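Encoded as structure tokens, the structure appears first; notes follow it.
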Amino acid sequence: MAPFTRTILPLRRSSSATRATSHMMMSTAAAHNTMPPGFQATTARLPTFTLPPTITHSRHDHALGKALIAAWRRDGIVQIAMNSQGGELWHDAHRASRTFFAKPPAAKAACVDSQSYAGYIASGEEVTGGVADYSEIFTVTRDFGVGDPRVRARWPCHGPCPWPALEEGSEDSEGGGMKEVMGRYQRSLGEDGEKVLRLVEMGLGVGEGGLARYTRDGWHHMRVLRFPARNATNGKGKEGRGIGSHTDYGLLVISAQDEVGGLFIRRPNQDEKFANWEKSAAGLNEDEDGWVYVPPVEGVHTVILGDMMQYLTRNYLTATPHKVGLNTRERFAIAYFHEPSFQAVLKPLEEGCGGLAHEVAENTEGIHYGTHFTNMFLRNYPDRITSRRLVAEDRYSLLKRPELRTMGAVPA
Ligand SMILES: O=C(O)CCC(=O)C(=O)O
Ligand SMILES: [Fe+2]
């Protein structure tokens with residue numbers, strides 16, 4: 001039975017046009033009884049924000065941007081209402097995900113590409129903080145044909161997305177198949193991501209485009225995830241391991257989860273310092289106190305922040321550490337990553353961000369996002385064919401080349 005039925009609760013939008021506070025409403029989800037067993041955590045009760053249909057830089061947009069920033073600095077995570085098509089798109093994507101993961105192991109294992117990190121990741125294949133995760137994943141990265149000049153030039157991580165073959169008349173082919181369904185959902189999340197970025201610019205007081213200039217030709221990607229029930233992991237390794245504590249790499253992570261529950265986050269905390277682009281934050285505080293359980297809420301996406309947001313804002317906004325616990329039932333979730341261009345070299349913002357009266361970034365050389373992304377995937381998938389080929393062909397050294405640091409230029 002599909003969790004979270006097709007009918008998404010109507011979210012009150014009518015009175016939200018004038019005051020930022022009216023964008024917030026308390027979640028009504030039954031939060032108490034979905035936390036996976038064996039975890040100690042408080043349970044978040046998060047306000048839900050509604051994004052405007054278009055960003056106009058009105059007073060209202062500025063106030064909303066400030067409210068979002070305050071919420072991240074307090075809670076480490078925000079909820080945004082799904083837009084008018086969002087519920088339907090999530091439902092279809094979630095259905096396509098269930099259909100994919102129900103395929104025989106060999107059919108899933110065939111969805112791998114040696115040049116891109118897109119495609120299937122079997123349970124136990126991903127490693128976070130040195131420990132295997134039991135999530136099963138289909139990663140969607142940008143789909144480049146083998147004739148694309150970037151693929152021919154052997155740019156790291158650039159290659160096709162190995163979608164499952166479309167079987168005529170099967171459940172797979174409904175709505176155009178997994179590729180079409182996920183594409184529609186990802187485009188919608190991309191629009192939300194761009195709106196959120198522009199609101200963040202206003203909230204931080206940085207000029208228009210201060211953040212969004214990096215997402216031109218953004219390396220947006222998506223992880224379609226299935227978590228087995230905790231007693232269905234064949235007794236492999238550490239019991240109850242879903243995904244270990246980590247921060248994600250880019251700017252924003254927009255996610256939706258089904259009704260089962262399993263996500264935990266850490267709130268920003270002055271005493272917990274990390275910079276994942278310098279030293280891995282994977283596994284950090286995994287077994288410490290202080291985790292906050294994020295219960296599933298129907299009709300919302302959650303938004304957390306990634307490493308590049310932390311770097312750009314010099315720790316004014318910090319990447320949100322999170323982990324996933326296995327529950328008594330299998331769980332499905334989809335996480336969309338709104339990212340800078342692969343070729344972007346990011347520099348810390350020089351304005352806004354609360355006056356920057358806090359940490360001064362040590363790395364003023366800038367961060368090449370493509371290198372950061374490649375490092376993260378090499379670390380998480382050391383044995384994947386893509387990692388082995390990348391190393392064997394010394395593709396890594398290309399990351400230094402000027403044509404990979406141009407914010408979107410394509411070699412001739
Ligand atoms: O399952 C979730 O809710 C989050 C998954 C996650 O952290 C990730 O894919 O990086
Ligand atoms: Fe994550």
Side-chain angles (χ1 to χ4, degrees), residues 3-4 29 34-36 39 41 44 46 76-80 90 93-94 97-98 101 117-121 123 125-129 131-141 182 186 189 220-230 240-266 274 276 280-286 291-298 300-310 318-327 329-339 372-373 376-377 379-381:
F4 281 179
T34 55
M35 195 192 301
F39 286 85
L46 304 170
I77 186 164
V78 306
Q79 284 176 177
I80 56 172
W90 153 247
H94 177 239
S97 160
R98 292 182 85 100
F101 288 119
Y117 282 99
Y120 184 60
I121 297 154
S123 181
E125 186 182 343
E126 179 170 283
V127 178
T128 302
V131 181
D133 298 327
Y134 293 153
S135 46
E136 248 189 303
I137 305 164
F138 189 96
T139 306
V140 182
T141 59
M182 293 302 171
Q186 182 163 351
L189 291 169
H220 308 313
H221 54 282
M222 200 156 86
R223 282 167 39 105
V224 181
L225 302 121
R226 174 186 173 271
F227 296 87
R230 67 202 296 264
R241 173 64 176 240
I243 298 181
S245 161
H246 65 283
T247 59
D248 287 319
Y249 341 109
L251 294 167
L252 304 169
V253 185
I254 308 180
S255 309
Q257 55 177 329
D258 69 10
E259 92 293 8
V260 173
L263 176 65
F264 296 84
I265 59 120
R266 294 183 85 76
F274 47 84
N276 189 41
S280 172
L284 205 66
N285 297 313
E286 177 86 50
W291 287 94
V292 178
Y293 174 61
V294 183
V297 173
E298 188 168 6
V300 305
H301 287 114
T302 54
V303 190
I304 61 171
L305 305 174
D307 298 335
M308 294 303 99
M309 189 67 91
Q310 178 179 339
T318 45
T320 310
H322 56 290
K323 65 178 182 179
V324 183
L326 298 186
N327 216 321
R329 288 188 291 149
E330 67 177 344
R331 168 179 182 267
F332 292 84
I334 299 180
Y336 163 77
F337 301 78
H338 198 69
E339 305 294 89
H372 183 51
F373 178 91
M376 295 301 105
F377 275 65
R379 183 169 86 194
N380 291 346
Y381 309 111

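Indexing begins at 1, ligand by ligand and atom by atom, following the structure's order. Since we're looking at a predicted model, the values are computed, not measured. What's counted below: heavy atoms across the whole structure, side chains too, no hydrogens, waters or symmetry copies.
D258 has its side chain within reach of R331: a pair of non-hydrogen atoms, C-beta onward, lies under 4.5 Å apart. The shortest side-chain heavy-atom distance between F227 and I243 falls under the 4.5 Å cut-off.
Distances below 4.0 Å separate heavy atoms of A333 from the following atoms of ligand 1: 1 (O). Close contacts of ligand 1 with F227, meaning ligand atoms under 4.0 Å from a residue heavy atom, involve 1 (O). Ligand 1 places these atoms under 4.0 Å from at least one heavy atom of D248: 10 (O).
With atom 8 (C) of ligand 1 as the reference point, the heavy atom nearest to it among R223, M222, E126 is part of R223. When the heavy atoms of K323, R331, H322, Q257 are ranked by distance to atom 3 (O) of ligand 1, first place goes to R331.
Taking the N/O/S atoms of D248 in turn, the shortest distance to the Fe ion (ligand 2) belongs to OD2.
Among protein heavy atoms, the minimum distance from atom 10 (O) of ligand 1 is reached at H246 NE2, 3.2 Å. Taking atom 5 (C) of ligand 1 as the reference point, the nearest protein heavy-atom neighbour is L225 CD1, 3.9 Å. Counting only heavy atoms of the protein, atom 4 (C) of ligand 1 lies nearest to V324 CG2, 3.8 Å.
Checked against the 6.0 Å centroid criterion, the rings of Y293 and F39 do not qualify as a close aromatic pair. Aromatic rings from Y120 and F138 are positioned such that their centres are separated by 6.0 Å or more.
Rounded to the nearest 10 degrees, the angle NE2 (H246) to the Fe ion (ligand 2) to NE2 (H322) equals 90°.
Using a 30° and 60° split on the angle between ring planes, H221 and F337 fall in the parallel class, below 30°. Taking the six-membered ring where the residue is Trp, Y249 and H372 present perpendicular rings, their angle passing 60° and hence far from 30°.
Using modelled atom types and a 3.5 Å distance limit, the side chains of H322 and D248 yield a donor-acceptor pair.
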